[in-house]
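Comments concern the structure below.
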Amino acid sequence: MTVAALSVACLLLCDAALADAKVSVPLVPQSLQSGRFKVTINGKPAAFVNAAANYYELGFDLQGKAKIAITAPDADYWAKGVEVQPWRQNIRPVRQGATITFTLDHAAKLSISRPGDHLGGAEMLFIFANAPEVNPPSPNAPGIRYYGPGIHKENIDAHSGDRIYLAPGAFVFGSLNLWDVEDVEVSGRGTIIYEGPQNPTDDEGWRQRRNWHVIGMNRARKVSVNGITCIVRSRTWMIQMKESHGILLENLKVIGGSPGNANQDGMDFVGSGDAVVRDVFIRAADDVFAMLGNWDGYTPDVISIPGLPVSNILVEKSVLSTSISNVLRLAWPHKVFDSNHFTMRDSDVIHMGIGGCGIPFALFELWSEPGGIGTHSDVLFDDVRLESWYALAQVVQGDKTKLHNVTFRNIWSPELPGMVGSAFTGAVDGVTFDHVKIADHVATNARDLQIFTGAGTAAPTVSDSSGLPHAAFAPPASVVHAGLRGVFDASSSAATAPGAKIVAYDWFFGDGTIGHGRVVRHAMPDDQGTLLDGSGRFRVMLRVTDDKGKTDWTTHPVIVTNTLRESLGKAADKAQVLPGLKYAYYKGAWPTLPDFSAIAPVASGIAETLSASAHPHSTNYGFVFEGLVNIPADGGYSFTLHSRDGGRLVIDGTTVAQSPKVWPLVCGLVGNSVQAATGTVGLAAGLHKIRVEITQTAAEDAFDLLWEGSNVQLQRVPDSVLVHQPDAVN
């Protein structure tokens with residue numbers, strides 16, 4: 001069969017699959033529909049719901065395939081790219097003007113945005129494709145409190161033994177109150193929308209009151225909530241569980257956005273436990289999960305009242321996102337309680353808060369200093385994928401709080417290290433980092449993970465003893481051009497468990513296609529990159545599986561480039577060069593980059609390493625580094641610049657990466673968050689001009705420059721490739 005005939009056959013099969021698909025999209029009342037976006041599923045109109053803040057939501061049941069088309073209001077809306085997360089879904093839409101299209105063939109919880117637009121105030125689309133319901137009740141089924149399609153303006157007050165069903169297309173404006181109840185089941189595909197009376201500029205969301213959260217529990221037992229969507233439009237903790245046990249929260253979709261971008265936790269376990277949170281999606285505007293013994297306010301007379309233990313919480317198979325703060329926060333200054341056995345596994349953290357409040361935000365934060373009292377133990381993060389993240393752990397506690405046995409196992413960041421390091425202070429022991437992987441490198445020491453420990457704190461163990469296989473691959477060795485097949489070789493992957501062997505190699509090429517096999521050939525379709533941002537940077541991921549069912553992932557960017565910037569030539573290559581870069585040091589408060597050419601430097605010299613340590617400084621300063629970078633081989637290179645304020649990387653006179661708008665620290669902290677700016681460029685082997693500009697007003701130094709590319713693993717740009725020509729040569 002010819003290639004043309006194969007293409008026609010594929011199209012016919014795809015069309016038949018779409019025709020046979022069963023897609024159940026609930027009707028959305030006109031008053032809730034978004035007029036900003038238009039969407040079709042398999043050619044039929046569907047409606048986004050105006051959710052919270054600038055968020056839009058669409059949920060449906062799917063059996064088969066669904067071709068989804070989203071049309072934005074402006075022709076250039078997607079011009080700078082499209083980000084579909086989680087990345088392991090390997091979705092790269094087709095873009096035609098204002099419309100993007102992609103196909104789903106399985107249940108998924110997706111976040112869609114423009115690249116880098118995920119903090120407070122971002123415009124984001126959430127698509128939830130559910131597996132079909134099994135035997136949903138009819139409206140007149142006995143023993144069922146049935147909420148049918150349409151708008152219901154009421155609070156749902158559950159009673160012991162209730163079976164509550166929210167049908168597809170049911171929109172309940174109010175709260176789900178589970179107070180002093182036992183044996184309650186809530187299910188369906190309906191939506192609860194909470195619009196409370198909380199002050200948008202004050203922290204009142206913690207209050208334990210009826211009708212104060214989208215789901216509120218107080219002394220509840222044996223409660224399950226399955227399948228529904230929760231939307232929160234006010235500044236309040238979204239799902240609060242006080243002194244409640246035996247809780248199952250499954251396939252929930254929780255979306256919150258508040259004008260203040262704060263105090264909107266996803267789920268709070270207040271003196272609660274014995275809970276399973278499975279297959280949920282959470283978009284919060286504060287901690288995704290928080291564990292506290294009690295909470296009655298911030299004032300001194302109540303904050304230190306002893307609380308009940310929090311124990312036995314499992315979070316798994318979930319997709320987690322927040323615009324600010326932590327994924328898990330445990331404790332708070334002056335709080336008195338114990339906790340044990342929190343586990344998060346097989347989950348995707350697609351957005352974490354940047355910056356800090358008191359201490360930096362992290363995957364896991366325990367902040368109890370000053371005045372906290374309690375013993376906390378057995379915290380486990382296992383098989384967690386970190387996409388946009390800030391730090392792994394921040395533990396700051398006094399002498400009356402203790403932390404035992406914290407394990408980070410099989411943690412993978414596909415692209416970048418954290419913006420800041422991890423800190424452990426106080427009485428901490430039994431901390432283990434086992435098979436923690438940044439891009440394609442497994443950490444083997446504390447330095448790899450930027451771990452700091454205080455005096456008297458037991459040093460963590462960093463190792464790779466998990467028995468997981470090791471995924472590794474070599475990308476195409478030559479320059480990659482669109483349409484030309486290159487070799488992707490995973491022969492360096494290996495099983496590590498005794499007697500095990502790798503039985504599957506699955507490739508996710510970042511262009512929406514997949515492949516299988518130890519060695520495969522693949523051609524990138526264009527030079528737009530995975531994000532359709534024109535970078536040419538494709539996020540290629542490999543998953544290997546051994547015969548014991550254990551898996552490991554790795555990634556490497558493959559950069560499609562149509563041109564290579566020539567080096568300075570043989571004459572420059574042979575000219576005398578010396579180690580280090582020239583630097584100029586400036587004093588001034590510049591949250592964004594000034595025109596340094598119009599400012600006289602305070603000092604200048606040669607920097608042996610590319611860092612702010614080049615000259616003594618405190619706050620309100622700037623640096624300009626200039627010289628040459630020695631590129632080892634022809635190919636595409638990716639550079640990432642870390643900075644708190646202004647930052648720019650220029651290579652051969654062209655800006656490659658520039659820092660985004662500053663994002664202030666909160667809770668009275670001075671300075672701005674660390675952010676990353678990534679850019680790509682095709683470079684010929686040899687010397688190229690490099691210029692790096694940074695400014696910083698306050699907070700700890702955070703400037704760094706990373707690179708990866710042709711046979712270069714993700715790492716800091718090494719001092720050995722940075723040189724300068726003496727002035728006499730210039």
Side-chain angles (χ1 to χ4, degrees), residues 51-53 55-62 68 82-92 102 104-113 115 117-119 122 124-131 189 191 214 225-232 238-239 248-257 264-267 275-289 313-328 343-353 363-364 381-390 410-415 508 539 541 543 551 553:
Y55 305 151
Y56 303 87
E57 178 268 335
L58 170 62
F60 57 92
D61 283 8
L62 173 64
I68 300 169
V82 186
E83 177 90 275
V84 183
Q85 297 173 274
W87 293 342
R88 62 183 172 82
Q89 296 289 351
N90 194 43
I91 295 175
R92 183 190 190 237
F102 60 91
L104 269 181
D105 61 2
H106 59 278
K109 296 175 172 64
L110 303 179
S111 169
I112 304 172
S113 61
D117 193 21
H118 59 79
L119 299 172
M124 306 179 74
L125 315 178
F126 303 115
I127 290 183
F128 305 127
N130 300 286
R189 293 288 187 264
T191 300
V214 68
V225 185
N226 185 300
I228 66 173
T229 298
C230 299
I231 292 172
V232 179
M238 295 194 287
I239 297 178
L248 173 61
L249 304 175
E250 193 166 19
N251 191 26
L252 296 191
K253 286 75 67 173
V254 185
I255 302 171
Q264 198 182 58
D265 295 356
M267 296 182 182
V276 174
V277 179
R278 178 181 296 126
D279 188 25
V280 305
F281 179 98
I282 299 177
R283 169 64 177 184
D286 211 325
D287 303 306
V288 178
F289 303 105
I313 296 169
L314 169 64
V315 177
E316 63 180 359
K317 301 182 184 301
S318 295
V319 179
L320 310 172
S321 170
T322 181
S323 61
I324 191 170
S325 210
N326 310 285
V327 177
L328 170 64
T343 297
M344 178 190 296
R345 66 189 183 200
D346 191 11
S347 293
D348 298 283
V349 175
I350 61 174
H351 305 120
M352 183 189 299
L363 174 65
F364 169 53
F381 295 90
D382 186 10
D383 191 12
V384 177
R385 298 162 290 273
L386 302 174
E387 296 182 9
S388 173
W389 62 293
Y390 203 67
N410 192 16
I411 310 298
W412 182 46
S413 168
E415 289 197 331
F508 304 84
R539 185 188 297 121
M541 299 190 294
R543 180 181 65 199
T551 64
W553 291 77

inquiry  = Checking Thr343 against Asp382 for the side-chain contact (heavy atoms from CB on, under 4.5 Å) test, could you report, in this order, the C-alpha distance in whole Å, the side-chain angles of both residues, the deciding distance, and whether it holds?
reply    = CA-CA 8 Å; Thr343 297; Asp382 186 10; 5.5 Å; no
Are the side chains of [Y] and [X] in contact, using a 4.5 Å heavy-atom criterion?
| X | Y | result |
| --- | --- | --- |
| Val315 | Met267 | no |
| Val280 | Val254 | no |
| Ile282 | Ile239 | no |
| Phe508 | Arg543 | yes |

Could you pull out the closest heavy-atom pair between [X] and [Y], with the gap in Å?
| X | Y | result |
| --- | --- | --- |
| Ser323 | Ala285 | OG-CA, 3.5 Å |
| Ala107 | Ala131 | CB-N, 3.8 Å |
| Ala52 | Gly256 | CB-C, 4.2 Å |
| Glu387 | Pro86 | OE2-CA, 3.4 Å |
| Met352 | Leu363 | CE-N, 3.5 Å |

For [X], side-chain contact (heavy atoms from CB on, under 4.5 Å) partners two or more places apart:
| X | value |
| --- | --- |
| Asp265 | Trp237, Asp268, Asp286, Asp287, Ala290, Arg329 |
| Ile112 | Ile70, Trp78, Val82, Val84, Ile100, Phe102, Leu125, Ile127 |
| Thr322 | Ala284, Val288 |
| His351 | Gln85, Ser111, His118, Met124, Arg283, Ser321, Ser388 |

ask   = Sequence neighbours excluded, which residues qualify as ring-ring contact (aromatic ring centres under 6.0 Å, His included) partners of Trp412?
value =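 Once residues adjacent in sequence are excluded, the partners of Trp412 under the ring-ring contact (aromatic ring centres under 6.0 Å, His included) criterion are Trp553.
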key: Residues forming a ring-ring contact (aromatic ring centres under 6.0 Å, His included) with Phe126, sequence neighbours excluded   =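 Once residues adjacent in sequence are excluded, the partners of Phe126 under the ring-ring contact (aromatic ring centres under 6.0 Å, His included) criterion are Tyr55, Phe281.
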When rounded to the nearest 0.5 angstrom, what is the spacing between [atom1] in [X] and [atom2] in [Y]?
| X | Y | atom1 | atom2 | answer |
| --- | --- | --- | --- | --- |
| Met344 | Leu320 | CE | CG | 5.5 Å |
| Asp348 | Leu386 | CG | CG | 9.5 Å |
| Ile324 | Gln264 | CD1 | CD | 11.0 Å |
| Thr229 | Glu57 | OG1 | CD | 4.5 Å |
| Leu252 | Phe128 | CG | CZ | 10.5 Å |
| Asp61 | Asn130 | CG | CG | 5.0 Å |

request  = Before giving the answer on side-chain contact (heavy atoms from CB on, under 4.5 Å), spell out for Ile231 and Thr191 the whole-Å C-alpha distance, their side-chain angles and the decisive distance to 0.1 Å.
outcome  = CA-CA 7 Å; Ile231 292 172; Thr191 300; 3.9 Å; yes
Run the side chain to side chain donor-acceptor pair (under 3.5 Å) test against [X] and tell me which residues pass, sequence neighbours left out.
| X | value |
| --- | --- |
| Asp346 | Lys317, Arg385 |
| Thr551 | none |
| Glu415 | Arg537, Arg539 |

request  = Evaluate side-chain contact (heavy atoms from CB on, under 4.5 Å) for Phe60 paired with Ile68, printing each intermediate quantity in order.
outcome  = CA-CA 12 Å; Phe60 57 92; Ile68 300 169; 3.9 Å; yes
task = Give the intermediate values and the outcome of side-chain contact (heavy atoms from CB on, under 4.5 Å) for residues Phe381 and Leu328.
result = CA-CA 10 Å; Phe381 295 90; Leu328 170 64; 3.9 Å; yes
ask   = Among all residues two or more places apart in sequence or in another chain, which pass the salt bridge (Lys or Arg N to Asp or Glu O under 4.0 Å) test with Lys109?
value =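 Lys109 satisfies salt bridge (Lys or Arg N to Asp or Glu O under 4.0 Å) with Asp279 only.
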query = In chain order, what residues pass the salt bridge (Lys or Arg N to Asp or Glu O under 4.0 Å) check against Glu316, with sequence neighbours excluded?
reply =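 So Glu316 forms a salt bridge (Lys or Arg N to Asp or Glu O under 4.0 Å) with Arg278, Arg345.
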